[in-house]
There are 2 protein chains.
Amino acid sequence: MSSIKEIAKKAGVSVSTVSRALNNYTDVNQNTRKKIIQIAQELNYFPSAVARSLVTKRSYTIGLFFGDQVNSGFDHPFFLEVLSAVRKVAGDAGYDLLIFTNLHKKKATYTTLCRERGVDGLFLILTGDGKRKNEQLIELQESGIPCVAIDLPLDGERCSYVESNNFLGAKKAVSYLIKLGHRKIALIGGDEVGKVSFDRLNGYRAALIEAGLEYDPQLVRYGCYSADQAKEATEALVSENRDVTAILAVSDVMAIGAIQRLTELGWSVPDDISVVGFDDIREASTNKPSLTTVRQCKYEMGSEAIRLLMKTIEDVSYRPSPVVIPCELIVRDSTAPPRFQK
Amino acid sequence: MSSIKEIAKKAGVSVSTVSRALNNYTDVNQNTRKKIIQIAQELNYFPSAVARSLVTKRSYTIGLFFGDQVNSGFDHPFFLEVLSAVRKVAGDAGYDLLIFTNLHKKKATYTTLCRERGVDGLFLILTGDGKRKNEQLIELQESGIPCVAIDLPLDGERCSYVESNNFLGAKKAVSYLIKLGHRKIALIGGDEVGKVSFDRLNGYRAALIEAGLEYDPQLVRYGCYSADQAKEATEALVSENRDVTAILAVSDVMAIGAIQRLTELGWSVPDDISVVGFDDIREASTNKPSLTTVRQCKYEMGSEAIRLLMKTIEDVSYRPSPVVIPCELIVRDSTAPPRFQK
DNA sequence: GAATAATTCAAAAACGTTTTCGGAAATCTC
DNA sequence: GAGATTTCCGAAAACGTTTTTGAATTATTC
């Protein structure tokens, strides 16, 4: 590969002049610069990013971490759209993306891997749980490495995160059901620990309270974002509460599972019971019946997150704060007024 | 960040000794080694991958290129599964993945970007077309950079590709339809240029010929892998050939589009007409009716491709050859014997 | 106990850049 | 035309590693 040295030799100047010429320094004669640029093109020269980043401490690379647990990382319902946004926005700004694969390397942590590879910042798509994970996250938060996460509350001088407005999203959905006339509305929640699930649960409660309805813990079940577990939860729910007329499942995958089981049990959706999902994944519109759901703006989440990260990288004094993206209620065919109202 | 120098100073030895100690060279005393390792741990030392790769010319990084056109790269129907396989297999072997984002940087080509970033090899997920692209691909093939592609016939000393057995896959599907009793079988092809489409078309023809049926060009239409175009093609097809009893659409997306349009036109699938897809994407099983389709083994394609690439990287004398992965016919509810047979 | 062999380590060059510093040559000022 | 500026460029250090070479020390052999 052609190096700066060869160019220097051919042009009859020193390497430092070549470097300055190519990097648009002002203290190089126009003719010299032209000559150097010309030779560089002839030699099909491109600077070695690794040599450069060794001295500049900037790699124009952003590290990517995907979780391994179910429903995080690759299985995250909107991983692909987030990644697509990140690639687009980061690319326009001149950053490449490094996917860390060596997740389980003996003593490696997020921090050490970042330092080892010399990335400028870190982008996390994972759900937070597990003891070791948390230790790692704390170390990361204190490391000073710029980082940003999706749906994972990071808190450090140079860390932040992006999430949907899960509270208002859930509230909007439940309010809509109430407006349709439903009074006995159940919730299939995610897990009992994550912030995401927690916010959606609270949105559900807030809508009920606002409408003067009672919050009944009996109507809250958990499906761990899995279709199968949602099926079980749904079956238990409706067998113990035959007067339920609507369900909010806080992920489309769970909502679709719920509809399937309800259908098997002889309930008709939306005639006997309404079901609302969360996420608006592709299947939501192709499902039969198509799914009323709370859309998360995935592309926006990704692009906001990467912008936040780049800003943090490029301005050492910048202190990022979390970004909350609004949700949108998409009404389709899985919801209707309750039977007794028709 | 702690460097090898600090360790050397603390341990009272030279940097070269530290390096050799940490890299398991034999010519370092056991006690010295132990001391060095201990100090390295205390300092939470991790070697700088960039400094290392500057001298070793190995980065343990594989470059990833995704196409931008429709139906390649991110929109490739099984991008996610391929990436998942690549991440897993490459990770186990110690490679990280670099996503190239600067696609349109002025004079950059695959080759220059690879050299610039110092990746050990290149993984391509894109469909080949466009003049400039081809020039770039030729340059890449001749560059000596190890590379591998999915569904794109690369041909160079250190290049290869992985594809499904599209010929046999399509043939299997059509033979199955013939076995069900169909005689008038149409094809919704992809494009008219790509190898993938070409192979599937040939598989279709081969099955017909093998069964002694005539190949009728009138029954072949193209949908460019798009649902909308497949709808148009389907409508034109059945209006001009009312006696068609089965269709092979060479992607699930097109097959689903075809079914939708057929339904709108009053045809019942599979009672009036059978439809077979290709790919076996998630929607294939959730669609109503669920889709009989030719499954591509996506994970296998990804893992075979990355293995091929790593072998090419690690053995300079290795000359890779293309890998063809078998397809599997998945029978679901969109196919049935033709009406007159019932 | 001298010659030889084995063990252990340090010095230094190399990888390809960027960047600081200072000096030479050219230009300006009066 | 002497001094003061400005313009332009080269030398050299630095980034953090690996790797080659050779030298000092220790151990072995007879």
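All chains are named by letter (A, B, ...) in the order of the sequence lines, taking the proteins before the strands, and each is independently numbered beginning at 1.
- A donor-acceptor contact closer than 3.5 angstrom is absent between the side chains of B/Gln136 and B/Thr109.
- The distance from atom NZ of A/Lys9 to atom P of D/dC9 is 20 Å, rounded to the nearest whole Å.
- Following rounding to the nearest Å, B/Lys34 (NZ) and C/dC9 (C1') show an atom-to-atom distance of 19 Å.
- Protein atom CZ of B/Arg33 is 14 Å distant from nucleotide atom P of C/dT7, rounded to whole Å.
- Contacts of A/Ser84 classified as side-chain contact (heavy atoms from CB on, under 4.5 Å), with partners at least two apart in sequence or in another chain: A/Tyr299, B/Phe74.
- Using a 4.5 Å heavy-atom cutoff, the side chains of B/Ile36 and B/Thr17 are in contact.
- At a threshold of 4.0 angstrom between heavy atoms, the contacts of B/Gly118 with the nucleic acid are absent.
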Determine, for nucleotides 16-24 of chain C in 5'-to-3' order, which nucleotides have protein heavy atoms under 4.0 Å from the base (write B), from only the sugar-phosphate (write S), or from neither (write -).
-> BBBBB----

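- Direction of the helix axis in the helix from C/dG1-D/dC30 to C/dC30-D/dG1 shifts by 40° between the two five-pair termini, rounded to 10°.
- Distance B/Asn29 CG to D/dA27 C1': 14 Å, rounded to the nearest Å.
- Nucleic acid contact class of A/Ser53 (heavy atoms, under 4.0 Å, all strands): none.
- The shortest side-chain heavy-atom distance between A/Arg307 and A/Lys311 does not fall under the 4.5 Å cut-off.
- Applying the side chain to side chain donor-acceptor pair (under 3.5 Å) test to residues at least two apart or on different chains, the pairs with a partner in residues 25-37 of chain B are B/Arg20-B/Asp27.
- Under the side-chain contact (heavy atoms from CB on, under 4.5 Å) criterion, A/Glu6 pairs with A/Ser2, A/Ser3, A/Leu43, not counting sequence neighbours.
- Listed by first then second residue, pairs satisfying ring pair (Phe, Tyr, Trp, His ring centres under 6.0 Å) with a partner in residues 42-65 of chain A read A/Tyr60-A/Tyr95, A/Phe65-A/Phe100, A/Phe65-A/Tyr110, not counting sequence neighbours.
- B/Ile150 is listed as a side-chain neighbour of B/Phe78, based on a closest heavy-atom distance under 4.5 Å.
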